[in-house]
There are 2 protein chains.
Amino acid sequence: MYSEDITKAMASGGIAVGDTVSVKGGNISVEGELMPKTEAGNDGTLIIKLKSGYNIGIVFGEGVSISRVSARSAPAAFPFTKPKANTRLPNVTVLWTGGTIGSKIDYRTGGVYMTVKPEELLYYVPELSGIANISINHLFGTSSEDLTHLEWQKIAEETAKAINGGARGVVITHGTDTMHYTASALGFMLKNLNAPVVLTGSQRSSDRGSSDAFLNLTCAMHLAAKSDVAEVGICMHASSSDDRLSFIRGVKARKMHTSRRDAFRPINDRPLAMVRHNGDISYTNQYRRVAQGRSPEVEVSGKFEPKVALIKAYPGSEPGVIDYYTGKGYRGIIIEGTGLGHTPVSIEHEGRSWLPYIKRAVDGGAVVGMTSQCLYGRVHRNVYKNLRLLSNAGVVYCEDMLPETAYVKLGWLLGNYSGDRAAELLCRNVAGEINERVSIDEFLD
Amino acid sequence: MYSEDITKAMASGGIAVGDTVSVKGGNISVEGELMPKTEAGNDGTLIIKLKSGYNIGIVFGEGVSISRVSARSAPAAFPFTKPKANTRLPNVTVLWTGGTIGSKIDYRTGGVYMTVKPEELLYYVPELSGIANISINHLFGTSSEDLTHLEWQKIAEETAKAINGGARGVVITHGTDTMHYTASALGFMLKNLNAPVVLTGSQRSSDRGSSDAFLNLTCAMHLAAKSDVAEVGICMHASSSDDRLSFIRGVKARKMHTSRRDAFRPINDRPLAMVRHNGDISYTNQYRRVAQGRSPEVEVSGKFEPKVALIKAYPGSEPGVIDYYTGKGYRGIIIEGTGLGHTPVSIEHEGRSWLPYIKRAVDGGAVVGMTSQCLYGRVHRNVYKNLRLLSNAGVVYCEDMLPETAYVKLGWLLGNYSGDRAAELLCRNVAGEINERVSIDEFLD
C-alpha cells in the first residue's frame, strides 16, 4: 500500500492503480501508468511506468501533484492472427517451457509471474514470421528451477517429434537458471540429431523496456532456420550490448551471472557461432554438421537415473554425506572438488578424510566422478599424491567437464548402461562435453 | 620402469636415473638430467630435464643413443646463511603452511611432494632480502585440501603474534586449492588488523622452469613490506604473462582455473592493487588503510563452528540432505542455489521441494543462507514468487557474497554469536565480503 498522503490524493482524483496519470511538481512532469507500490519500495514514492517500459519512482513530497489522464483500459481481445505459411521459408517448431521470457510483472506484488501466452510474443516480434513458418507447442509454464529429468524427457521427445515431422530446426524457450542443465540433458538424450536445437530465454521479463527476450528469440530463430549446426546449444547475449549473441554448446555452457543479459558463457570451449539481429551467423568452433540428403530419424535415449547427487568438497566438508546418498540407493555421485580434483584425504583430521567413504561407495557399485569447483581447466588424476589416492580408490576424473554437465551425464549414463560401462563412458567424450585440449585463450572470455 | 631397450642401454652405459646424460640421434642432441619414467608416460620415451627446468621426452628408437656425462651428484650441504638484519628495511614474517610453492617433483613417481625447506626458497630468491628483514615461521607442510578451521585458527594466531611483535606485514605461503577459504577465514578472524596480510602460493612447483613461485613470493613481499592495505588478500599472477600480479581481497577471491597461473580472480569486486616485480604498487579499489601512529593490538576472534555445510541445489536435487545435516547437529547451511537464489520448490514434483525441509531446519534453530552458483552477481529475495517463498521460510539472502565465503563466514559467526545474531550478520558486510553495489565492469574480467 502507498502512504496515506498518496492514498488520499488518489481517492480525491478518482485514480486507481493501472490508470494513466500525470505527475507534476517542481521541475518534474511525467505521464505514465501508475504502478502499485512494490513490496520492497518506500510507500511515499509513486512508481510510474513510462511508455519506454521503464519504471521511475517519484517522491510524493510537497508541491507534487497527481492527476488522471485516462482510466485503465480493459485488456483488448488479443489481436494475433497466425500468419499464412510461406512455402519459401523453413519450418521451425518453438517448444515453450516457461521462464522469464514467458513472464510479466504482477502489479499486485511487483514480482514476476508466468503469464505471457506464446502467441503474444510472436505478436510483439513480427519479424519472426519473416524468418520461418513457426509452430508453437506450449509444453509448460514453469520456472526453470522446478524442472526435473521428467521435463527433460518430455522436451527431448517433442524435439525429436518436431524434427522427424519436418521441422528444419527447434527453438526451446526456457528459464535461464537451469537452461544449461536442460541443454546438457538434451545433448545426451537426442540421437542422430540432424537439426539445430536452440534454447533461449531472457534475463529481463518481456514487458520491460530493457528486455532481452525479443533479440534472443529472433537470433535463436535465425539459428534454427538457417544454421547447419546439428547440436543442442544456448543462444543468449554475448555481451552487455545488443550487437551480437553467442550460440554455446549446451554441454559446455554455464550461467555465470545472476542478472546480466550476457550471463551464459562457454567454459573450456569456444562459442559454436556468433549471431546478429539481421541473421548473420559466423561460426567460431568446430561442430557437428547437418547431413545433406536423407538421414535416419532422430531418436530419444531418454532414460535417466534420478538417484545421482552432485556434492561439493571443501575444507571441513563432511564425507558422511556419501553414506547418506548410497544409503538411499544412490548409484552415482559427482564431486565438485577443489583445484585439480581434490577432497580432504588427510588422516590427521579424524573423520574428515573422504577416502574411506569413497572406497566404500565404489566397492558398493556406485560410480563416483570428480570435477573441479574452479570450473575452468581440467582435473587430473596423478599430479599430486592425494589425487592418486582418490584415483586408486576408483574415482573417475572427468577431464574438463563442468560439474553440472557431469551430473546430468552420469544420470543419463546410469539410466542407459551398467555401472561399469557408465564409469568407462563418464570420462570419454560422448556429446562434446569433453575437449581433448583446451586453448589457453578460453579462460574467462 | 623404462622399457627393456632403455634399461639395457642404461646398464651398458653405467647410467642411473639422476645422472646427467647426453642423448643423440638423427637431428637430436640434448644434455640434461635423466628423469625416471612417469607413471603415465610411455616406457619407451626418455624423459630429460633440461637446464631450463623443462622436461622433454625423446622416443628411444632406432639410431638414438644415450651416454653418461656425469654422475648424479650428492646434494651439497645447503649453502644458505641468513642475511644480517638491515635496520632500514621493514620486518616481514613469512608463515609457511605448505602447498605447491613448498614442493618439488618426486623422481620416483613424477608426483609433487612437500619437500622444499623454507630457507631454500629464500636462497633461490635472494632479492627477497633486499625488500625486508624476513623471519620464517614453518607452521605446516600441508596440501591445502587437507587444511581445516583448526589450521585457520593457528594461522590467525601466528599472524596476530607476528604483527603485535613488530612485523610490518605478513606473507603466508599456502596451497592454492583452498587459499581463498583460508583468506576468508583470516579476514573474519583478525580484529583491529593494522598491517597487510598477503597469501601467496604457486600453480607450478618451484623446481620447474615455468614456476610462478618466485615472482609470486617477491610481489607478496613487496605488498607486505610497503603497502598500506590493512586487509587480508591473495597475491598471484593477474594474467598469463609475468608483467603484473593482482592483490585480491580474500573474502572476494576465488580460484577459477585448475592450472593457470592467473587462476585467482576477484568476484563482484575489483583487485585491491596491482603489483610489479620491481615493487611498483598501484591501488585499484577502496580498502582499509594502515592507521598511522599507535594502534590497538591485533586480536584473534578465532572461534569456529565446524557444523556448517555448503550444499548445492540443482534440478532433481534431494532436499533430504538438509535433514541429514541437522540430524547430525549442524547449526548452519549455505545453499548454492541457481540464478538469483533458487532451489526447487514445486509441489508438483513430490518430495523434491526444498521448502518444507528448509522451514523445518530454520524452525529448529539452524541458519540457512542463500548464495548463487552463478558466482557473479547478486542473489535477490523477491524478484520471483519462488524467491519470496524461500525468503518467507527464513532463508537469509547473502547479497553478492561467494558461496565459499558465506560458508566460512557462517562457521565463524556461529562460533562467536547466537543463531539469531548470526542470521542477522550473515547478510551484512563485516569484512568486505558484501559490496553494496557492484559495477557492471566486474564480470569475468
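Labels below follow one simple rule: chain letters A, B, ... track the order of the sequence lines, proteins then strands, and each chain is numbered from 1. Quick caveat, the model's predicted, so the values are computed rather than measured.
For Ala313(A), the part lying under 4.5 angstrom from a heavy atom of chain B is the backbone only. No part of Ser144(A) comes within reach of chain B, as not one of its non-hydrogen atoms sits under 4.5 angstrom from that chain. Within the 4.5 angstrom heavy-atom criterion, only side-chain atoms of Lys328(A), from C-beta onward, approach chain B. For Ala185(B), no part lies under 4.5 angstrom from a heavy atom of chain A.
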Open item on the list: Is there a side-chain contact (heavy atoms from CB on, under 4.5 Å) between Thr343(A) and Glu145(B)? Walk through the geometry before answering.
Closed with: CA-CA 6 Å; Thr343(A) 66; Glu145(B) 66 270 17; over 6 Å; no

Open item on the list: Show, in sequence, the C-alpha distance, side-chain angles and deciding distance for Cys374(B) and Lys255(A), and conclude whether the side-chain contact (heavy atoms from CB on, under 4.5 Å) test is met.
Closed with: CA-CA 6 Å; Cys374(B) 295; Lys255(A) 186 175 182 180; 3.6 Å; yes

TODO: Please test Gln373(A) against Lys312(B) for side-chain contact (heavy atoms from CB on, under 4.5 Å), starting from the C-alpha separation and ending with a verdict.
DONE: CA-CA 12 Å; Gln373(A) 60 196 251; Lys312(B) 194 153 168 162; over 6 Å; no

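No more than 12 heavy atoms of other residues, nucleotides or ligands shown are found within 6.0 angstrom of NZ on Lys154(B).
Residues Asn386(A) and Asp146(B) share a closest heavy-atom pair of ND2-OD2, 3.3 Å.
Counting heavy-atom pairs under 4.5 Å between each of His149(A), His380(A), Glu336(A) and chain B puts Glu336(A) at the top. Among the candidates Pro403(A), Pro315(A), Gly339(A), the residue making the largest number of heavy-atom pairs closer than 4.5 Å to chain B is Pro315(A). In terms of heavy-atom pairs under 4.5 Å with chain A, the best-connected choice from Gly320(B), Ser372(B), Pro306(B) is Gly320(B). The choice from Thr176(A), Asp262(A), Ile311(A), Thr338(A) that makes the most heavy-atom pairs within less than 4.5 Å of chain B is Thr338(A). Interface check for chain B: of the options Tyr325(A), Trp152(A), Tyr181(A), the most heavy-atom pairs under 4.5 Å are formed by Tyr181(A). Of the residues considered (Leu340(A), Val321(A), Val308(A)), Val321(A) shows the highest number of contacts with chain B, using heavy-atom pairs under 4.5 Å.
Note: Tyr407(A) and Tyr314(B) have perpendicular aromatic rings, judged against thresholds of 30 and 60 degrees for the angle between ring planes.
Taking the side-chain hydrogen bond (donor to acceptor under 3.5 Å, both in side chains) definition, one finds that Tyr330(B) meets it with Glu318(A), sequence neighbours left out.
From Arg378(A), atom CZ reaches atom OG of Ser259(B) across 9.0 Å, with rounding to the nearest 0.5 Å.
Residues Thr258(A) and Leu375(B) form no side-chain contact, since every pair of their non-hydrogen atoms from C-beta on lies 4.5 Å or further apart.
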